[in-house]
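Residue numbers start from 1 in every chain, and the chains themselves are labelled A, B, ... in the order their sequence lines are given, proteins ahead of strands.
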Amino acid sequence: MTDAHTTGPFIAAIDQGTTSSRCIVFDKDGRIVAVDQKEHEQIFPKPGWVEHDAAEIWTNVQEVVDGAVTKAGITSADVKAIGITNQRETTLLWDKATGEPVHNALVWQDTRTDALCKELGRNVGQDRFRRETGLPLASYFAGPKIRWLLDNVEGLRERAERGEILFGTMDSWVIWNLTGGPDGGVHVTDVTNASRTLLMNLATLQWDEKILSSMDIPAAVLPEIRSSAEVYGHAVGGLLAGIPVASALGDQQAALFGQTCFAEGEAKSTYGTGTFLLMNTGETPVNSYNGLLTTVGYRIGDQKPVYALEGSIAVTGSLVQWMRDQMGLIKSAAEIETLALSVDDNGGAYFVPAFSGLFAPHWRSDARGVIAGLTRYVTKAHIARAVLEATAWQTREIVDAMTKDSGVELAAVKVDGGMTSNNLLMQTLADFLDAPVVRPMVAETTCLGAAYAAGLAVGFWADTDELRANWRRAAEWTPNMDAAQRDREYKSWLKAVERTMGWIEDEE
Amino acid sequence: MPGPIQSLTRAAAILRLLAGGERRLGLSDVASSLGLAKGTAHGILRTLQQEGFVEQDAASGKYQLGAELLRLGNSYLDVHELRARALVWTDDLARSSGEAVYLGVLHQQGVLIVHHVFRPDDSRQVLEVGAMHPLHSSALGKVLSAYDPVAHNELTDLKREPLTPRTITELPDLEGVLDLTRARGWASDLEETWDGVASIAAPIHDRRKVPVGAVAITGAVERVCEDGDIRAQLVAAVRDCARSVSRDLGAGRF
């Protein structure tokens, strides 16, 4: 905005996301200098199937990198490193010699491997690989998607076994292409992305041979697992030719890093269509007995890895969109706050948006949404309040599960994402969690995390303390709710959650 | 009492004719149904079109109701929408100025704070969303009073209390301040509301150039001023922010 920050040097961060690819140029204070963004096509070949054209994605990445550098009015001489963050779990196999994808990428939301996952669970069920990987056998993760491609693309398994095929999540695809593709491209992934494949052992941070053979995936296709912050190679071609490619982090882990949650017990929550909570659990992976995922938070160079517990909420921002688009009770998403503020409380109504079952910590696929506690008294304004409270209560359930699993009480929650502009929601969150809720000054925490990791790798920033010093508090909501009232309402919420279960009687 | 103005009556008849369902009518349909000469009907339709009350389909040349008519019914900008649009710009203003940022709208006889970004240092600060600032002494209040006739009305009727020795309470003096505000596009508050505190504000306009709110930075007078004058760099930063938010709301360049 002002010209105070346009003196270099800079870090460029690429965010290869689910709906678009972006590049943001950051200065040393972590302020945004320029942004470029391009959406790509969502391909839906069948209900439940979601694919991306990886060639289109690579073209877009090249364009947004050059676009952001041009908008910033800088040259490659001003850029110290390139960092990468990406949609997690989205799976691609490509030809090593030509760089041609052998199939569209299977996106994380794609559910075609549901049946395969059940089959892979054998007599143990979905926790068959949980001890090694920290994950349940679910269709999101990359391993079963690789297996599906090997089984369903003709001749692929033979080519893979001959070492002609490479696998990667979007970080690997972007790094391999950035560093030269078929001409010397580096085939690597980082620990955070590898921890979402169901194939990496959390203790060794290497591919787990037993799981590979159980899933029948040839080791030859797999990239080398590296840390999240180190120089993997140098860019070839484009406006940033010659610049080190120096970080990779899955998007939620990048947000954890961008929010500078570097100490055990620090947590961030990203409020978008859905919500992702990650809590730093320090240098040991914490097993979850309460339906959370155990994952790698980040690893800086040859330092010890830092682990995290993750809980996700499927429906948060999308519930507000549903109120707008399907119910027509509001005209814009922001109006939910206006409507909710026209009454003092929820009027006794509770809304559990289990639209496709209950996720963490309940994991009940037979559940469906309910609005409980209705009386003649309840108006659409009470329902609007119940909608916002649903997001806050679901966060509370995950935080409770994290406390149980880790034994660490949450000191504060750092929030980001679009819904943080909702003041009532943020206050309600602080009230229900009985903990301060803090919003940082840079909204783009995901890209910032990738930039931070890349900057650390090349010495642009000295250490995580320097990054912490960059973090600025933009707002803080402090709890202001009577404890007895909080407990009473939490009980009512949990009662409403009970009512959702068992609605679907026959899953087949 | 003079009789009704004929062209307004005819314009109302045309709007009624086009209302009700998705109706598109050609010029001759409109003219014949209302018993008007084509030239007369065309003149009225063209004027309504310029005001946005009627739109003409490019392909068929037929007329239909315009989007402006719908907006008349719900012209009020949701303050939460305003906050959502202002979020990134106000964060950036706080970072570049080093001061706390406030977004205010007119509410009853004062300025309602609808968004607040902390000063970017590590000091303990309390979120002031929902607080009221005075209309006659704060920079936000002066900007709103200078640009929004409703706010100006409130200011005139208001009991203007002296809050510090520097508060301006006499109406003629205040009118002079508002003239200056309109002339230069921003207002200041130099220890007129709180001792030791200075503030700079600029107006936010929506797509119809209607003033919908104001954005301000507020900080210690020693930081906001230099040698007794407000720092020009801070004024520029506040005005840039207000322009960016206005652009996001659809206002054109100005």
Side-chain angles (χ1 to χ4, degrees), chain A residues 1-6 24 26-27 29-33 35 317 320 324 330-342 384 388 416-427 430 436-445 448 468-480, chain B residues 70-71 73-74 76-103 105 112-131 231-245 247 249:
Chain A
M1 183 192 61
T2 52
D3 56 3
H5 63 63
T6 47
I24 301 187
F26 289 95
D27 71 5
D29 293 333
R31 285 184 66 196
I32 294 171
V33 179
V35 187
V320 176
R324 182 192 63 197
I330 45 173
K331 289 190 292 291
S332 70
E335 210 185 301
I336 190 90
E337 188 174 354
T338 314
L339 185 56
L341 279 170
S342 66
L388 295 180
D416 50 62
M419 285 181 98
T420 56
S421 76
N422 190 313
N423 195 64
L424 178 61
L425 173 62
M426 294 298 110
Q427 183 58 51
V437 169
V438 186
R439 182 176 79 81
M441 217 159 257
V442 175
E444 303 291 350
T445 50
L448 186 62
R468 236 183 229 290
N470 256 348
W471 191 88
R472 297 275 182 280
R473 184 187 288 114
E476 178 167 342
W477 293 267
T478 40
N480 178 27
Chain B
L70 302 174
R71 288 193 198 100
N74 54 54
Y76 155 80
L77 174 75
D78 193 299
V79 296
H80 303 110
E81 184 75 40
L82 178 62
R83 183 198 299 132
R85 300 290 185 100
L87 203 69
V88 285
W89 305 111
T90 46
D91 277 5
D92 202 41
L93 177 58
R95 272 209 105 135
S96 68
S97 67
E99 300 297 345
V101 176
Y102 296 86
L103 196 65
V105 298
L112 174 69
I113 302 303
V114 297
H115 182 49
H116 172 198
V117 185
F118 289 170
R119 188 173 61 250
D121 54 25
D122 275 339
S123 66
R124 202 86 211 146
Q125 295 166 70
V126 177
L127 203 62
E128 290 176 50
V129 174
R231 288 168 53 196
Q233 206 190 341
L234 291 179
V235 173
V238 173
R239 298 188 70 193
D240 276 346
C241 176
R243 270 192 287 263
S244 299
V245 178
R247 256 201 309 279
L249 293 171

Check B:Phe118 against A:Met441 and note the closest heavy-atom contact, atom names and distance. O-CE, 3.2 Å
Taking the side chain as everything from C-beta on, heavy atoms only, tell me whether B:Val88 gets closer than 4.5 Å to A:Ile32. no
Given 3.5 Å as the limit, does a donor-acceptor pair link the side chain of A:Arg472 with the main chain of B:Ala94, or not? no
Counting heavy-atom pairs under 4.5 Å to chain B, which of A:Pro440, A:Ser421, A:Ala333 comes out on top? A:Ser421
B:Val129 versus chain A, heavy atoms under 4.5 Å apart: side chain, backbone, both or neither? side chain
Taking all non-hydrogen atoms of both residues into account, name the closest pair between B:Asp91 and A:Ala474 and its distance. OD1-CB, 4.0 Å
Determine whether A:Arg439 and B:Leu87 satisfy the following criterion, side-chain contact (heavy atoms from CB on, under 4.5 Å), listing intermediate values before the conclusion. CA-CA 11 Å; A:Arg439 182 176 79 81; B:Leu87 203 69; 3.9 Å; yes
Identify the heavy atoms of A:Glu335 and B:Asp78 that sit nearest to each other, and give their distance. CG-OD2, 3.3 Å
Nearest non-hydrogen partners of B:Glu81 and A:Ser332, listed with the distance: OE1-OG, 2.9 Å
If every non-hydrogen atom of A:Leu341 is compared with every non-hydrogen atom of B:His80, which pair is closest and at what distance? CD1-NE2, 3.6 Å
When every non-hydrogen atom of A:Asn470 is compared with those of B:Arg95, the smallest separation belongs to O-NH2, 3.2 Å
